[in-house]
Amino acid sequence: MANGTPNGLVPLNHAGAVLPSPANGMDLKQSQVTEDQTNYLRRAQWLRAAVLGANDGLVSVSSLMMGVGAVKKDVKAMLLAGFAGLVAGACGMAIGEFVSVCTQYEVEVGQMKRDMNMSVGGEKDLEMEMEKRTLPNPLQATLASGLSFSIGALVPLLSAAFIANYKIRLVVVVAMASLTLVVFGRVVAQLGKTPTIKSCIRFLLGGWLAMAITFGLTKLLGASALE
């Protein structure tokens with residue numbers, strides 16, 4: 001039997017273990033949710049640049065090669081046009097992404113400074129706030145955009161490089177581009193936790209439309225108009 005105090009109460013050192021507060025569990029869950037949201041935001045930054053670059057590289061170069069193939073059956077003409085599109089497009093995407101993300105970064109940092117009024121010790125507070133927030137990374141976005149554009153553009157180039165027959169070459173370029181678009185759509189859906197079928201259809205229809213318009217308009221223009 002436990003020894004009691006003069007007033008009959010059990011001493012505190014004989015009490016049972018302190019039960020964890022429900023508030024602590026709620027704070028832990030909220031912290032985990034916030035961390036998960038931050039990870040998705042960071043993923044979205046490079047994912048947006050990578051997907052945009054890969055899709056643009058694939059669709060742009062495929063459409064360019066289809067357009068040249070509409071008036072020139074020579075494989076060298078298609079490959080040279082595709083290579084020029086790869087280099088120009090990758091440079092353009094990388095530079096454009098760098099300028100865009102740098103501007104976004106400066107705007108967000110400027111807004112943070114205005115919100116904090118940059119009082120005494122404001123620089124340290126600003127650094128702490130920047131660490132908490134998910135700010136865009138210009139270099140990461142630039143590399144992701146330029147590299148992914150080049151990877152996407154290599155698909156039609158490699159598809160047409162070893163095929164001499166004109167009609168088969170065009171069919172293979174369209175087929176490989178379509179297959180790659182479906183893969184892009186599936187990857188984006190898995191990373192972004194979005195419906196897979198809708199994502200694949202969106203990528204596929206967009207690529208088909210771009211290639212069809214480029215081929216059709218170039219075919220209407222005709223080789224004679226270029227001479």
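This is a predicted model, so every value here is computed, not measured. The analysis underlying the following values was restricted to heavy atoms, covering all of them including side chains, and did not include hydrogens, waters or symmetry mates. Residue numbers count from 1 along this sequence.
- Of the possible polar contacts, one joining the Ser148 side chain to the Ser145 backbone as a donor-acceptor pair under 3.5 Å is found.
- Nearest heavy-atom pair across Pro156 and Leu58 is CD-CD1, 3.9 Å.
- Taking each heavy atom of Gly185 and Ser199 in turn, the nearest pair found is O-OG, 2.7 Å.
- Rounding to the nearest 0.5 Å gives a distance of 9.5 Å between CE of Met78 and CD1 of Ile163.
- One hydrophobic cluster, built from ILVMFWY side chains closer than 4.5 Å, cannot hold both Leu80 and Val173; they sit in different ones.
- The hydrophobic cluster containing Val155 does not contain Ile151, counting ILVMFWY residues as joined when their side-chain heavy atoms lie under 4.5 angstrom apart, directly or transitively.
- The CE atom of Met65 lies 5.5 Å from the CG atom of Leu79; values are rounded to the nearest 0.5 Å.
- One distance of note links CG of Leu181 with CG of Asn55; it measures 6.0 Å at 0.5 Å rounding.
- In terms of heavy atoms, Thr142 sits closest to Ala94 at CG2-O, 3.4 Å.
- From Ile197, atom CD1 reaches atom SG of Cys200 across 8.0 Å, with rounding to the nearest 0.5 Å.
- Cluster annotation: Leu179 and Leu158 are assigned to distinct hydrophobic clusters (Ile/Leu/Val/Met/Phe/Trp/Tyr, side-chain heavy-atom contacts under 4.5 Å, transitive).
- Both Phe203 and Val183 belong to a common hydrophobic cluster when Ile, Leu, Val, Met, Phe, Trp and Tyr are linked at side-chain heavy-atom distances under 4.5 angstrom.
- Distance check: Leu64 CG to Thr214 OG1 gives 8.0 Å after rounding to the nearest 0.5 Å.
- Listed by first and then second residue, the side chain to side chain donor-acceptor pair (under 3.5 Å) pairs involving residues 157-171 amount to none (not counting sequence neighbours).
- Taking all atoms of both residues into account, the shortest heavy-atom contact from Phe149 to Leu86 is CE2-O, 3.6 Å.
- A donor-acceptor pair under 3.5 Å is absent between the side-chain atoms of Ser100 and the main chain of Gly96, judged by distance alone.
- The CG atom of Leu209 sits 11.5 Å away from atom CG of Leu204, with the distance rounded to the nearest 0.5 Å.
- Within the hydrophobic cluster formed by Ile, Leu, Val, Met, Phe, Trp and Tyr side chains joined at under 4.5 Å, directly or through other members, Leu139 is accompanied by Leu143.
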Please test Met211 against Val59 for side-chain contact (heavy atoms from CB on, under 4.5 Å), starting from the C-alpha separation and ending with a verdict. CA-CA 7 Å; Met211 288 185 286; Val59 174; 5.5 Å; no

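- Within the structure, the side chain to side chain donor-acceptor pair (under 3.5 Å) test picks out the following pairs touching residues 170-187 (sequence neighbours left out): Ser178-Trp208.
- Minimum interatomic distance between Ala160 and Val75 (heavy atoms only, all atoms of both residues): O-CG2, 3.5 Å.
- Hydrophobic clustering (side-chain heavy atoms under 4.5 Å, transitive across Ile, Leu, Val, Met, Phe, Trp, Tyr) keeps Phe98 apart from Val101.
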